[in-house]
Amino acid sequence: MSIIKTLMITKKRFLTLMLATLMALGCHPSADKKDTELKAKKPIQVTVEKKHKLTLKEATQLAETKFKQYLPTMLNAHHAYVDSQDTFTGDFTGDGIEDITIYFSLAPNEGGNTIVAQGLTLYKNTGTAVKVIAGYEPDYLFSFVQIKKGKIYVEKLAYAETDGRCCPSIKTEHILTIAGSKVY
C-alpha cells in the first residue's frame, strides 16, 4: 500500500503541477502579446521628413524658373519682348529669410524705345520652397531702388516739360505696401 499511496501522491502532485502550469499559461500573455504591450507602452516616435533647406542661390533659381514659365503669358498679352530683367533679394516678408524680387520691362514687338509694361514679381522664400505672392505693375514709370528693413523701395519717375524721352527728371521715393496678394 505504500507504493500505491506514493503513486497517488505523485499523481496528485503531477496533476497539481500541470493545472498550475496551464493556469499560468492561460493567465499570462504570450510572448507575442508581451512584445505588443511593451511596444504600446513605449513612447511613439514620429519621424518628420525634413525638407531640403534652400540656399539663396537655389531659391533665386526657382523664382527665375517660375518667372520664365509665366513670361510667355505676359509677352502675349502685351505683344512684347523682354527689354530688361533683373533679380534682387532681401527680406520683404519679415520672416528673416531673404525673398526674391524680379524686375522686368517689356518693349513692343514692333520696335522702338517705348516701355509697354514694367513691373515687379515678388516671391516669398519659405526656406524650403519659393512661391509667388504678388505682382506690381503700376501705371507710371519707376525704377527699383532696394529692399531694406523689410520694405521694397522704388522711385516713381515723371517727366518735366523740358525732359527728353530718355530721361525723366522728376523722381519720387515710394515704399511699396504688400497686402495679401496686392502690392501698391
Closest non-hydrogen atoms of Gly127 and Ile97, given as atom of the first, atom of the second and distance, are N-CD1, 4.0 Å
Which donor-acceptor pairs under 3.5 Å do side chains of residues 68-80 form with protein atoms, sequence neighbours excluded?
{"from": "Asn76", "atom 1": "ND2", "to": "Pro72", "atom 2": "O", "distance (Å)": "3.3"}

For Ser181, side chain to side chain contact (heavy atoms under 4.5 Å, CB included) partners two or more places apart:
none
Reported OH-to-OG1 distance for the pair Tyr123 and Thr60, which is rounded to 0.5 angstrom
11.5 Å
Report yes if some heavy atom in the side chain of Lys149 is under 4.5 Å from a heavy atom in the side chain of Phe92; otherwise report no.
no
Pairs satisfying ring pair (Phe, Tyr, Trp, His ring centres under 6.0 Å), at least one member in residues 159-184, at least two apart
none
Inter-residue atom distance Ile133.CD1 - Lys182.NZ, 0.5 Å rounding
13.5 Å
Partner set under side chain to side chain contact (heavy atoms under 4.5 Å, CB included) for Lys148, not counting sequence neighbours:
Gln146, Tyr153
Checking side chain to side chain contact (heavy atoms under 4.5 Å, CB included) against Thr121, which of Thr101, Ile100, Val132 comes through?
Val132
Contacts satisfying side-chain hydrogen bond (donor to acceptor under 3.5 Å, both in side chains) that involve residues 84-97 (not counting sequence neighbours) are Glu64-Thr87, Asp91-Thr93, Thr93-Asp95, Thr93-Asp99, Asp95-Lys124
Taking atom CD1 of Ile115 and atom CD of Gln118, what is their separation to the nearest 0.5 Å?
5.0 Å
Over all heavy atoms of both residues, which pair between Asp83 and Ala107 is shortest? Give the atoms and the distance, please.
CB-CB, 3.9 Å
Run the ring pair (Phe, Tyr, Trp, His ring centres under 6.0 Å) test against Tyr81 and tell me which residues pass, sequence neighbours left out.
none
Closest heavy-atom pair, Pro168 versus Ala158, reported as atoms and distance to 0.1 Å, is CB-O, 3.3 Å
With rounding to the nearest 0.5 angstrom, report the OG1 to CD1 distance, Thr177 to Ile152.
10.0 Å
Spacing of CG belonging to Leu141 relative to NZ belonging to Lys156, to within rounding of 0.5 Å
12.0 Å
Can you list every ring pair (Phe, Tyr, Trp, His ring centres under 6.0 Å) pair that touches residues 125-144, not counting sequence neighbours?
Phe88-Phe144, Tyr103-Phe142, Tyr136-Phe142
Listed once per pair and sorted, the side-chain hydrogen bond (donor to acceptor under 3.5 Å, both in side chains) pairs that draw on residues 161-173, sequence neighbours left out:
Asp163-Ser169
Do Glu58 and His52 pass the side chain to side chain contact (heavy atoms under 4.5 Å, CB included) test, and can you show the C-alpha distance, the side-chain angles, and the key distance before you say yes or no?
CA-CA 11 Å; Glu58 290 170 326; His52 172 70; 3.0 Å; yes
Smallest heavy-atom separation, Asn125 atom then Ala59 atom, equals ND2-CB, 3.5 Å
Which hydrophobic side chains are connected to Leu56, either touching it within the sub-4.5 Å cutoff or through other members that do?
none
Starting from Val130, can I reach Phe67 by hopping between I/L/V/M/F/W/Y residues whose side chains sit under 4.5 Å apart?
yes
Hydrophobic cluster membership, Val183 vs Leu120, 4.5 Å side-chain cutoff:
yes
Does Leu122 share a hydrophobic cluster with Val154, counting links as ILVMFWY side-chain heavy atoms below 4.5 Å and allowing steps through other members?
yes
Using the test side chain to side chain contact (heavy atoms under 4.5 Å, CB included), find all partners of Lys53 that sit at least two apart in sequence or belong to another chain.
none
